[in-house]
Amino acid sequence: MTGNNGQVRTREEHKKAKQEVLQSTKVVEKTDSTPVPQAQKRVRIRLIPVWLRLVLLLVSVFICVTAGAAVGYGMLGGGNVGDVFKESTWTHIIDLVDKK
């Protein structure tokens, strides 16, 4: 049920361990009048791991920047949407910005 370090690995194992603790405390309460210790601290189980969240964030930022450049240059700017991915377009834009 639990790993080597005492942490639950899956939601099902966590629920099963919680039920076992609750059942054992009910049995102890019926047979003994001493106070029963509280169940273990609640374990947070993440649906999406932290590393996957970071990867998804980076991918979504890349997609949003690409889509924004395509919409801004192609549709709003009056250019061809495919031209936004050419190096010559960006050198031209940088030359216009750096022009003194």
side-chain hydrogen bond (donor to acceptor under 3.5 Å, both in side chains): pairs with one or both residues in residues 45-67, sequence neighbours excluded: none
Run the side-chain contact (heavy atoms from CB on, under 4.5 Å) test against Thr89 and tell me which residues pass, sequence neighbours left out. Tyr73, Asp83, Lys86, Ile93
Leu47 and Pro49: which non-hydrogen atoms are nearest, and at how many Å? O-CD, 4.0 Å
Would the number of heavy atoms belonging to other residues, nucleotides or ligands and lying under 6.0 Å from CD1 of Ile48 be above 12? no
With sequence neighbours left out, which residue pairs that include part of residues 60-72 fulfil the salt bridge (Lys or Arg N to Asp or Glu O under 4.0 Å) condition? none
Spell out, yes or no, whether Phe62 and Phe85 are grouped together once hydrophobic residues are joined by side-chain heavy atoms under 4.5 Å, including indirect joins. no
Nearest 0.5 Å please: distance from the CD atom of Gln23 over to the CD atom of Gln19. 6.0 Å
Taking atom OG1 of Thr91 and atom CG of Leu96, what is their separation to the nearest 0.5 Å? 10.0 Å
Testing the basics here: between Ala70 and Val81, what is the closest heavy-atom pair and its distance to 0.1 Å? CB-CG1, 3.9 Å
Measure the spacing between CD1 of Ile94 and CD of Glu87 and express it to the nearest 0.5 Å. 9.0 Å
